Q: 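First the structure, then my questions, so here it is.
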Amino acid sequence: EELSVVGSWSSLPLHKEYEAPFWSEKLPAASDGRINVNLTTHNQMNLGVGDVYRLLGDGVYDVAMTVADYAVADAPELEGLDVPLVALTADEARAMVDAARPMVSDIYRDRFNSHVLAIAPYPPQVVFCNAEISGLDDLEGKKVRASGRMTAKFLEALGAEGVNVSFSEVPGALQKGVVDCAVTGAGSGYSAGWWEVSTHLMPIPLGGWDSVVTAMNLDKWNSMDEDLQTLISEQIETEFEDPAWATAQNALVNDIACLTGNGDCPSGDARDMTLVDVSDADFERAREVLVSEVLPEWAERAGDEWAARWNESVGQAVGVTIATQ
Amino acid sequence: MAQKLLGTLRGLNKLVAILIGIVLLACAAIVLADIVLRQLGSSLGGTDEISGYVMAIATSWGMGYTLLELGHVRIDILRGRTGNVGRAVFDLFAMAVLSGTVTLIALQSWPVLARSLANGSRANTPLETPLALVQTPWFAGWIWFAAVAWLTFAAALILVLRGEFRQSEEAIGCFGEEETAR
Amino acid sequence: MITYVTVGLLGLLTLSIPVGIVLFLLGFGVDAFFSPFPLVKGLGNLVWSTSNNATLIAIPFFVMLGEILVRSGIATRTYAALDRWVSWLPGGLVHANIATATMFSATSGSSVATAATVATVAMPQAEKLGYDPKLFSGAIAAGGTLGIMIPPSINLIVYGFLTQTSIPRLFLAGLVPGLALALGFMLITMLLCVLRPSLGGERRVFPLAEMLRALVQLIPIILLFTVIIGTIYKGWATPTEAAAVGVAGAIVIAALFGGVSLRMVAESILGTVKITSMIMLVVIGASFLNFTLASAGLGQELQSFLDGLGLSPLGTIFVVVLIYIVLGFFIETLSLMVVTIPIIVPLVVAQGFDPIWFGILMIVLIEMALITPPVGLNLYVVQGARKSGRMSEVMLGTIPYVIAMLVMVAALIAFPQIALMLPDALQ
Ligand code: NA
Ligand code: NA
């Protein structure tokens, strides 16, 4: 089989350390030459992030992976895969993703004519501020750069004001006060030098975990014999998904150490951002806002059936129930 | 008749171009308003999203005007060295290829809009813009460009067949290059 | 595949098919011959997401700004004022062309817009005062390219957007090399005109009082520059938004110092739509070609080619510079950037080079591509503004300035600080 594979952001560790070795070496080797892979990434193809799964469904390529959140324009119900603040550790995040997996599979089948192969995490999306903050309350009235709809709505519900700034313009925007805070992965923020222009780091997953979904065009999947299907499913779980999750928690701890200097930084020089602890009370209030405002709004966008299904799966795993009419 | 058709097309596209310009100016005004509001501690939100839609729609609708103004860059190395008939052949060939390509673009744009309609897609932003709302005028722009291209081609073909080379060159020639400058 | 694309590009371009359409055709060809997948099904999505782009709206805004300056008469008066100051140099009015282009570069993010602005106001003077048309128009074409080096710059915005580097830092990095290039252009003009005085036409010395009076005419442009760059560095606006500020600024300044009429606004709009659509057809075509090339494995092909050479970091830069010079002859510049950045920049950065520095190096090479035939947009813009004379005169006239750019490339490689000192100092 000749597979053309479109990977996620080529500059990020998930691609460099897990995706690229898996698709270009491990899977072809494990298949004894039955599978041949042609790998590129969506940014190298200059694809709009919202187009990745649309083109996958059309059969333009065979396999694609990117952040599920990029595709919620076509599938609002997909926002339920990655809800902010409900999973604080990698283990909790994996439990959330595993619970959501049947839902996600159905969504990809119906919306994108695709078969879900794996779901792996980007490091959680934390908050960088160039302003004195001591808790979530302090976000009120601040200008915050968010990516993704649910995060933006959540920030608005917390009283912050969402500002659109592209990733590359964030450092300048933080420095000059176009925004006070910005949400991104701790590792991305470290390597892009956001520590130079911000002072405070709030290490809670305010933007969720940014799950990256790997999927295969459904016609392609169905055209393969059962042996090959089993091989791919097994290999991707043990050689890609499990290792990516296994290092996710460590990656977060390391990234925070690198940004704040509390602990060892394996990726380079440690920086000295102020770590902001979120008090339990503060946190409870944010969860309350999430459960009472943000999630019911999502239920309206996605439809009550999806909300009910979410309650039974993800909701049970993380202990949250959305009240629907 | 060919000249009349060309005249009508020019007039319509000029009107479209003026409308696009007004939309662009309005977009600049919105961006400006947002900058001012941010200084006052508030924000309109979503101005860059709106700018993106404006750019997509302005681009597709502006193409026809540029075509008739001979604004799409062409290289004149061989063509400039041939006579009246040679130039007309080059021009008609280029126009046919352009019209075909643009038609393909227009046809391939339909599935984009169709999927947004089928999924009821809304932008992944706080504005939740229904994508079909902005993709419909964008798609229509490409259809318009394809129609303008074929009609211009047909008009130029009639002119060439009648031997009116100067007029056909005015409609589909290369602008601002060697032979017009000579 | 690289051979196919190069040969196909040249062949189709000589058939005088519009450049943007040629890029689409090549994409269809790559799809048909080099890829087992139905890439053409991605065409519609690609066209949508390439043009639905808030960064690119800076293009029509900068073009409109230039149009307003020309049609309000401000551009003409700026040119006349700079003429008073620099025409005593060997080369006379040619220096005014370069100086005017440098000033407009500071308000415009587009080289084509800058060249068009200067050509419109300068060309009538050349004939009146009897200048050698080659050097005179070459200086406008070359001076216009400064539009993308001296901030603001659409190409630097695109570079920052594609490589995830800071756009304000890129803008700072472009300032010194841009001014150095302008100085280099003037030096080489002087050198040529000292050696062959017939190239330069008349040197004219104006009384000091007249020179001082002329300074007033520079106020509008300096105001506009201050407004645009000020809003970026004060943090009021992002670089893209600053283009909108520039349009508003140009209208206000035109109203104060020139004149605004409905007719003038309508003409500015028409000019803007024409140039924007021209650029966008090429940008969208390039984006589709890039998509097919990447799907067909150009990244690996180029990577293994460069790996096979087994080059040192300096060797890599040398080869990359060569690639850009050669591709620059044939490929329109924005497309050249969009097509090559995702492939070349990661390779260069992996060799330990600074992405900001490389962005500036690339801009010099892109400037060169704008004035090298057969595909050099600035050549056509300048020729378009001339009422007589052959295209080849403009091409010959740019040769000295291409040499100045090559010197600049070498200087940037030898002394990266030329680009990096400002962003480092203001960090
Ligand atoms: Na500029
Ligand atoms: Na060139």
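Fair warning: this is a prediction, and the values are worked out from it, not measured in the lab. Every chain is numbered from 1 and lettered A, B, ... according to where its sequence line falls, protein lines coming before strand lines.
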Q: Of C:Leu377, C:Ile154, C:Asn378, which is the lone residue that meets side-chain contact (heavy atoms from CB on, under 4.5 Å) with C:Ser111?
A: C:Asn378
Q: Measure B:Leu107 against the heavy atoms of chain C and call it side chain, backbone, both or neither at under 4.5 Å.
A: neither
Q: Among the options C:Val40, C:Leu12, C:Thr50, C:Leu379, pick out the one with the most heavy-atom pairs lying under 4.5 Å from chain B.
A: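 Max contact count across the listed options: C:Val40.
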Q: Name the option with the most non-hydrogen atom pairs under 4.5 Å to chain B; the candidates are C:Leu56, C:Val19, C:Leu281, C:Asn53.
A: C:Leu281
Q: So, does C:Arg71 use its side chain to make a donor-acceptor pair with the main chain of C:Ala266 at under 3.5 Å?
A: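 No; judged by distance alone, with no hydrogens or angles, the pair does not exist.
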Q: Pick one of side chain, backbone, both or neither for C:Val245, based on which atoms fall under 4.5 Å of a heavy atom in chain B.
A: both
Q: Holding to side-chain contact (heavy atoms from CB on, under 4.5 Å), I want the full list of residues that pass it with C:Ala116, two or more places apart in sequence or in another chain.
A: C:Val381
Q: Name the member of B:Thr59, B:Val31, B:Ile22 that forms the most heavy-atom pairs with chain C at distances under 4.5 Å.
A: B:Thr59
Q: Find the one option among C:Ala54, C:Ser268, C:Ser277 whose heavy-atom pairs under 4.5 Å with chain B are most numerous.
A: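 Between C:Ala54, C:Ser268, C:Ser277, the count favours C:Ser277.
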Q: Where does B:Phe93 contact chain C at under 4.5 Å (heavy atoms): side chain, backbone, both or neither?
A: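 Answer is side chain: those atoms of B:Phe93 sit under 4.5 Å from chain C.
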Q: Out of B:Phe139, B:Trp110, B:Trp138, which residue meets the ring pair (Phe, Tyr, Trp, His ring centres under 6.0 Å) rule with C:Trp48?
A: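 Only one option passes, and that is B:Trp138.
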Q: Please examine the side chains of C:Ile228 and C:Leu65, heavy atoms only from C-beta on, and report whether any two atoms are closer than 4.5 Å.
A: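 C:Leu65 vs C:Ile228: side chains touch.
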Q: Looking at C:Asn45, C:Ile57, C:Ile17, which makes the most heavy-atom pairs under 4.5 Å with chain B?
A: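 Ranked by contacts with chain B, first place is C:Ile57.
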Q: Which atoms of B:Trp142 are under 4.5 Å from chain C, going by heavy atoms: the side chain, the backbone, both sets, or neither?
A: side chain
Q: Heavy-atom distance under 4.5 Å to chain C: side chain of B:Val134, backbone, both or neither?
A: both
Q: Hey, does C:Thr276 have a side-chain heavy atom less than 4.5 Å from the side chain of B:Met55?
A: yes
Q: Please identify each residue that fulfils ring pair (Phe, Tyr, Trp, His ring centres under 6.0 Å) with C:Phe291, with sequence neighbours left out.
A: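 Once residues adjacent in sequence are excluded, C:Phe291 has no partner under the ring pair (Phe, Tyr, Trp, His ring centres under 6.0 Å) criterion.
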Q: Against chain B, work out which of C:Val265, C:Leu25, C:Asn52 has the most heavy-atom pairs shorter than 4.5 Å and name it.
A: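 It is C:Asn52.
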Q: Determine the minimum heavy-atom distance between B:Val112 and C:Gly44, stating which atoms define it.
A: CG2-C, 3.3 Å
Q: Hey, which of B:Ile35, B:Asp48, B:Leu78 has the most heavy atom pairs under 4.5 Å with chain C?
A: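 Greatest number of close heavy-atom pairs with chain C: B:Ile35.
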